[in-house]
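Input: a single structure, listed below in structure tokens.
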Protein chains: 2
Amino acid sequence: MQGQEILPAIAAHLLDSARANGGKAPSERDLAEHFSVSRGQVREALAILESMQVIERRAKSGIYVNTDKSGFEAMAFFARAGIPLENRQIYEAVEVRKIHEIKAAELAAVRATEEDFERLQDVLERSEQRIAAGEGIDALDQEFHLQIVRATQNTLFLSICTSFYELGRQRLEVYFRDPDRNRKSHEEHKQIYEALVKRDAALTSALMVSHLRGVMSYWTELLEPHAPGS
Amino acid sequence: MQGQEILPAIAAHLLDSARANGGKAPSERDLAEHFSVSRGQVREALAILESMQVIERRAKSGIYVNTDKSGFEAMAFFARAGIPLENRQIYEAVEVRKIHEIKAAELAAVRATEEDFERLQDVLERSEQRIAAGEGIDALDQEFHLQIVRATQNTLFLSICTSFYELGRQRLEVYFRDPDRNRKSHEEHKQIYEALVKRDAALTSALMVSHLRGVMSYWTELLEPHAPGS
DNA sequence: AACAAATTCTGGTTAGACCAGATTGCTGCA
DNA sequence: TGCAGCAATCTGGTCTAACCAGAATTTGTT
């Protein structure tokens, strides 16, 4: 075990220990020994964890895990670290993604530049090629949606949405193993693109709504019911 | 200079150096000497910065600043560090906040629990007291809006919005120095609350739109025009 | 001027040490 | 027995001093 790869391991270990110990985590020295790395390494990981508000380091006392804050910082971290989210978190992420993308489509219709259109068209062309070759378009689907967000010209908006995409990567891969789904998605993308070029905000938004309904239902139907009606 | 307080200082230094040096930042050893701290301290700060994708550390080569990614991670960091945002970032944050809150109002109308209503009412009562005492309600305004987001029962949503509020705290304080604005805001809050209790999603959302228009225009009218039409 | 070799520089990582509060546990008095 | 008070221990915070190996730069040679 070495390098920054220990971060998720340490995080998981911290969470477990804290759960079994009322929020209190092992000491830095224990962690270093447990993972066979230097204390410096551990401290770097802990600094990141603390910056994400996953833990709290109290001088001369110990490390405490914020068990209650299942918030965005924590999620962003787990997404990066590749630790699977719980059902509830997935529901929440799906809902938030919907909210963002529908609005993004609306804004993009008004603000998209020529370069944005070119980038979108490029994505569509590459999708077509992959479909023709019988391959999945999961990565390109992601790219298409992100390009639309990018076309809002709001970099903050883009960053938020980028984070969400990390969450769904695995599921997306499975989703696009079905050739029919690939074609259907691609067709809908093309429609959205055309509405976008016409700068018809209402239509673009509406198309995005129905497009997401299909994709998202795949996500959620695999889960236990958890979120309140939506 | 000591402790985690060096993080913003290092970040600012990195940004400046990188700008004057084509993305390349000083070495860890130089930074340590410059700030009179140990290399370990610098490395902890760099680890956080890297986790936020503000910089990139290339082994045996150097530290590179992601000048293009003025994204969410960077913003979250700057918000925490207390470094003022640039106009563009403020515009983006305002827009994103609008998007979130309007949708939040809509969802909250459907999902709010009895506890949510109680919490909101409590905020309104305390607001009334402060106004009667001739004080500003800036912190309570924030609380009101966050409670509405909380009423969506989506913790991820709440976390995102909480981040945004950090950005506007200073401006909000100035805004609520005017007694008239305090009263106006409070009245609008009460209307929103009543629509919420009636579980009228459309009305709640509409009221939130007009409420935000007033508050937000104060923010943006102080800035240079920058964002595309909205 | 072009290429090769030597040297310097850089991030990555470790080990060991010291500080000063927070904690813990023991001791002795009541 | 119970509790106050003190001492040993533990903990995060910080620093110094190295070593490694590859990247980057300089030097030397042809």
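What you are looking at is a predicted structure, and each value in this text was computed from that prediction instead of being measured.
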**Message:** For a quick check, tell me whether the side chain of Arg29(B) and the base of dG11(C) share a donor-acceptor pair closer than 3.5 Å.
**Reply:** yes

**Message:** By nearest atom, which of the nucleotides dG13(D), dT13(C), dC15(D) is closest to the Arg43(B) side chain?
**Reply:** dT13(C)

**Message:** Using the side-chain hydrogen bond (donor to acceptor under 3.5 Å, both in side chains) criterion, which residues pair with Ser61(B)? Sequence neighbours excluded.
**Reply:** Tyr64(B)

**Fill in**
Overall bend of the helix from dA1(C)-dT30(D) to dA30(C)-dT1(D) (five pairs an end, 10° steps) is 10°

**Message:** Measure CD/Glu44(A) against P/dG11(C) and give the value in whole Å, please.
**Reply:** 12 Å

**Between His100(B) and His145(B), ring centroids under 6.0 Å** = no

**Message:** What is the separation between atom CG on Asn21(B) and atom C1' on dT10(C), rounded to the nearest whole Å?
**Reply:** 15 Å

**Request:** Rounded off to whole Å, could you give me the CG-to-P distance for the Asp30(B) and dG11(C) pair?
**Result:** 8 Å

**Request:** Mind calculating the distance between CZ (Arg39(A)) and P (dT14(C)) to the nearest angstrom?
**Result:** 14 Å

**Request:** Apply side-chain hydrogen bond (donor to acceptor under 3.5 Å, both in side chains) to Glu33(B) and list each qualifying residue two or more places apart in sequence or on a separate chain.
**Result:** none

**Request:** Report yes or no: does Asn182(A) contribute a side-chain atom to a donor-acceptor pair with the main-chain N or O of Ile137(A) at less than 3.5 Å?
**Result:** yes

**Request:** Report which part of the nucleic acid Gly40(B) touches: base, sugar-phosphate, or nothing (heavy-atom distance under 4.0 Å, all strands).
**Result:** nothing

**Complete:** Rounded to whole Å, the CD1-C1' distance (Ile6(B) to dT14(D)) equals 11 Å

**Asked** Is a donor-acceptor pair below 3.5 Å formed from side chain Arg57(B) to base dG12(C), judging by atom type as modelled?
**Response** no

**Fill in**
Separation of dG11(C) atom P from Glu33(B) atom CD, nearest Å, is 14 Å

**Message:** Applying a 4.0 Å non-hydrogen cut-off, can you work out what Ile63(B) is touching in the nucleic acid: base, sugar-phosphate, or nothing?
**Reply:** sugar-phosphate

**Prompt:** Taking only residues two or more places apart in sequence or in another chain, which ones pass salt bridge (Lys or Arg N to Asp or Glu O under 4.0 Å) with Glu135(A)?
**Reply:** Arg130(A)

Polar-atom pairs under 3.5 Å, protein N or O versus N or O of nucleotides 23-26 of chain D: list them with distances, or write none.
| unit_1 | atom_1 | unit_2 | atom_2 | d |
| --- | --- | --- | --- | --- |
| dA23(D) | O4' | Lys60(B) | O | 3.0 |
| dA24(D) | OP1 | Ser61(B) | OG | 3.3 |

**Partner residues of His186(B) under the ring pair (Phe, Tyr, Trp, His ring centres under 6.0 Å) criterion, sequence neighbours left out** = none

**Message:** Tell me which one of Leu14(B), Leu15(B), Ile48(B) satisfies side-chain contact (heavy atoms from CB on, under 4.5 Å) with Ile55(B).
**Reply:** Leu14(B)

**Request:** Output yes when Arg119(A) and Glu143(A) qualify as a salt bridge under the 4.0 Å nitrogen-oxygen rule, no when they do not.
**Result:** no

**Prompt:** Which is it for Tyr91(A) and Asn154(B) under the side-chain contact (heavy atoms from CB on, under 4.5 Å) test, yes or no, and what are the steps along the way?
**Reply:** CA-CA 9 Å; Tyr91(A) 264 110; Asn154(B) 185 322; over 6 Å; no

**Message:** Just the rounded figure in Å: distance from C1' of dT16(D) to CD of Gln41(B).
**Reply:** 13 Å

**Fill in**
Between CD of Glu56(A) and C1' of dG13(D) the distance, given in whole Å, is 16 Å

**Item:** Ser38(A) side chain near dT13(C) phosphate (N/O to OP1/OP2, under 4.0 Å)
**Value:** no

